[in-house]
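Here is the structure we will look at.
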Amino acid sequence: DSGVTQTPKHLITATGQRVTLRCSPRSGDLSVYWYQQSLDQGLQFLIQYYNGEERAKGNILERFSAQQFPDLHSELNLSSLELGDSALYFCASSTGDTNQPQHFGDGTRLSIL
Amino acid sequence: GQSLEQPSEVTAVEGAIVQINCTYQTSGFYGLSWYQQHDGGAPTFLSYNGLDGLEETGRFSSFLSRSDSYGYLLLQELQMKDSASYFCAVTSSGGSYIPTFGRGTSLIVHP
């Protein structure tokens with residue numbers, strides 16, 4: 001158990017809809033990262049938050065947004081969903097120090113019909 | 001930009017030793033990490049190399065040569081449960097110190 005909690009585990013929705021994915025980081029970790037993993041693909045970095053502030057942005061679409069709340073949990077919002085958004089979405093947390101490992105949640109599997 | 005290359009698939013038999021290579025191109029290299037991911041599961045951290053040389057953690061070891069932009073993960077005494085995908089990830093100033101992951105190597109362990 002990594003200590004990172006993601007909900008929901010599975011999400012099935014239709015094109016054009018909007019969903020929210022939630023992540024609670026490991027106790028003591030200030031940094032949260034969001035990744036997208038499509039079939040047979042590596043982990044594509046989306047965005048990082050540190051102690052409530054956006055710290056780094058990756059290949060995140062304009063239709064996607066995220067935030068980190070004062071209690072350090074984070075939400076990833078995906079809107080105007082397209083078939084190609086079907087993927088595993090992982091949240092990871094760390095202390096924020098560069099040489100510290102990331103601890104991943106079990107992911108949310110998003111299926112767009 | 002950054003790029004990483006690792007083999008897409010490696011096969012081995014139980015009890016054997018296998019090496020998964022990773023070459024990278026980046027600016028401002030900081031460190032190389034390895035993660036294991038079982039099918040559909042969460043990636044889990046295995047090792048980190050910030051300096052040249054070998055890091056050993058039980059049956060797993062990881063090596064880094066910064067001058068060659070190269071690293072590898074060595075798995076010894078392979079077990080069936082080691083069948084998984086293995087990702088190398090590079091951290092660099094060019095990437096805002098966010099780990100950039102390779103596409104992963106699928107390790108298949110046969111009995």
Side-chain angles (χ1 to χ4, degrees), chain A residues 1-7 9-10 21 23-26 29 31-50 53-60 66 86-111, chain B residues 1-9 20 22-24 26 28-51 55 57 60 62 64 66 73 84-108:
Chain A
D1 181 11
S2 67
V4 178
T5 304
Q6 284 189 251
T7 56
K9 291 191 185 306
H10 303 277
L21 282 52
C23 169
S24 293
R26 204 173 61 130
D29 284 352
S31 197
V32 169
Y33 310 76
W34 287 97
Y35 290 89
Q36 179 192 58
Q37 187 177 38
S38 302
L39 194 64
D40 294 331
Q41 296 289 312
L43 291 153
Q44 299 296 315
F45 169 67
L46 296 177
I47 197 164
Q48 178 202 7
Y49 280 82
Y50 178 82
E53 299 288 326
E54 181 185 305
R55 179 176 266 192
K57 225 171 188 177
N59 298 321
I60 187 166
S86 295
L88 261 173
Y89 290 84
F90 286 104
C91 167
S93 75
S94 78
T95 62
D97 294 329
T98 306
N99 63 347
Q100 292 303 304
Q102 296 183 332
H103 302 272
F104 283 80
D106 289 336
T108 293
R109 184 173 294 280
L110 176 63
S111 299
Chain B
Q2 302 176 93
S3 67
L4 295 98
E5 291 290 331
Q6 51 180 132
S8 59
E9 186 176 294
I20 300 174
C22 174
T23 58
Y24 59 85
T26 189
F29 175 84
Y30 192 86
L32 188 72
S33 303
W34 290 91
Y35 287 79
Q36 178 193 60
Q37 184 182 31
H38 285 97
D39 194 28
T44 55
F45 172 78
L46 293 176
S47 69
Y48 173 82
N49 295 73
L51 300 174
E55 293 285 338
T57 310
F60 295 0
S62 59
L64 174 67
R66 289 175 298 172
L73 180 69
S85 290
Y86 292 83
F87 294 88
C88 59
V90 66
T91 306
S92 66
S93 60
S96 301
Y97 298 104
I98 304 298
T100 297
F101 286 79
R103 293 172 66 93
T105 298
S106 177
L107 171 63
I108 301 170

For chain A, the option from B/Gly41, B/Pro43, B/Pro99, B/Gly31 that forms the most heavy-atom pairs under 4.5 Å: B/Pro43
Region of A/Leu88 that comes under 4.5 Å of a non-hydrogen atom in chain B: side chain
Greater than 12 external heavy atoms within 6.0 Å of A/Asp97's CG: yes
B/Tyr35 OH to A/Phe104 CZ distance, which is reported to the nearest 0.5 Å: 5.5 Å
Heavy-atom closest contact (A/Gln102 atom, B/Phe45 atom, distance): O-CB, 4.2 Å
Validation row: B/Gln37, A/Phe90 side chains within 4.5 angstrom (heavy atoms): yes
Atom group of A/Arg109 that falls short of 4.5 Å from chain B, counting heavy atoms: side chain
Spacing of B/Ile98 atom CD1 and A/Ile47 atom CD1 [to the nearest 0.5 Å]: 10.0 Å
Contact summary for B/Ala42 and A/Gly105, nearest pair of heavy atoms: CB-O, 3.0 Å
Heavy-atom contact with chain A under 4.5 Å, split by part of B/Ser33: neither
CD/A/Glu54: more than 12 non-hydrogen atoms of other groups inside 6.0 Å: yes
